[in-house]
Amino acid sequence: MTIRCLICNSSVVLSKDAAKTLAHLIGTLGGFLNGIQHSIASHPAAAATKSNDLERAFDLMIDGVSGAAANWADTQDFIRDVRKHQFMKYDCLCLRCGATFDKKNA
């Protein structure tokens, strides 16, 4: 069942759990990409020393995972801020009008 906003009756409602999941995904992907970019920027000649593209891709993936792990604390801080300032004590946020409310009231 789709949750509808209590104020504007919009179906564009984001739950606190969905926001947390999205923030985890974006934070992890951002850290992964930053790790790869840092690897490329700090070792530009490394691609020439690798014997094949698969080995270079594997090294980039390892650097990306390291970057994602390093970004974990920042992602957790961001999630705490979203939960505190966007949702407060409520479960749902309407992305159309900005109303916050609990699922049990919907």
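At least one donor-acceptor pair under 3.5 Å links the side chain of Arg4 to the backbone N or O of Asn9. A donor-acceptor pair is defined here as one N or O able to donate and one able to accept, closer than 3.5 Å; such a pair exists between the side chain of Asn52 and the backbone of Leu54. A donor-acceptor pair is defined here as one N or O able to donate and one able to accept, closer than 3.5 Å; no such pair exists between the side chain of Asp63 and the backbone of Gly35. Side chain of Ser66 to backbone of Ile62: a donor-acceptor contact under 3.5 angstrom is found. Although no hydrogens or angles enter the test, the distance criterion places no donor-acceptor pair under 3.5 Å between the side chain of Lys20 and the main chain of Ile79.
Once rounded to the nearest 0.5 Å, the distance linking NZ of Lys89 with CG of Asp102 reads 8.0 Å. The CE atom of Met61 sits 13.0 Å away from the OG atom of Ser39 when rounded to the nearest 0.5 Å.
In this structure, Leu29 places its CG atom where more than 12 heavy-atom neighbours from other residues, nucleotides or ligands lie under 6.0 Å away. Counting heavy-atom neighbours within 6.0 Å of His38 NE2, excluding the residue itself, gives a total of 12 or less.
A single hydrophobic cluster is seen to contain both Ile3 and Leu6, as judged by linkage of ILVMFWY side chains at heavy-atom distances under 4.5 Å, directly or through other members.
Remark: Arg80 engages Asp77 in a salt bridge (Lys or Arg N to Asp or Glu O under 4.0 Å) (not counting sequence neighbours).
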Notebook entry, point to check: Is there a side chain to side chain contact (heavy atoms under 4.5 Å, CB included) between Phe101 and Asp91 once you walk through the steps?
Noted result: CA-CA 6 Å; Phe101 54 92; Asp91 297 327; over 6 Å; no
Item checked: Pair Lys103-Ser15, side chain to side chain contact (heavy atoms under 4.5 Å, CB included): steps then yes or no -> CA-CA 9 Å; Lys103 286 182 185 178; Ser15 71; 4.0 Å; yes
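Phe87 belongs to a hydrophobic cluster whose remaining members, ordered by chain and number, are Val12, Leu14, Leu22, Phe78, Val82, Leu93, Leu95; membership requires side-chain heavy atoms of ILVMFWY residues under 4.5 Å apart, directly or through intermediates. Taking Ile, Leu, Val, Met, Phe, Trp and Tyr as members and joining any whose side-chain heavy atoms lie under 4.5 Å apart, directly or through other members, Ile26 forms no hydrophobic cluster with any other residue.
When all heavy atoms are compared, the tightest approach of Cys92 to Val13 is CB-CG1, 3.7 Å.
Two residues are said to be in side-chain contact when any heavy atoms from C-beta on lie closer than 4.5 Å; Gln76 and His24 meet this criterion. Proximity of Asp74 to Asn71: side-chain heavy atoms (C-beta onward) are separated by under 4.5 Å at one or more points. Side-chain contact between Ser10 and Cys97: absent, with no pair of heavy atoms (C-beta onward) separated by less than 4.5 Å.
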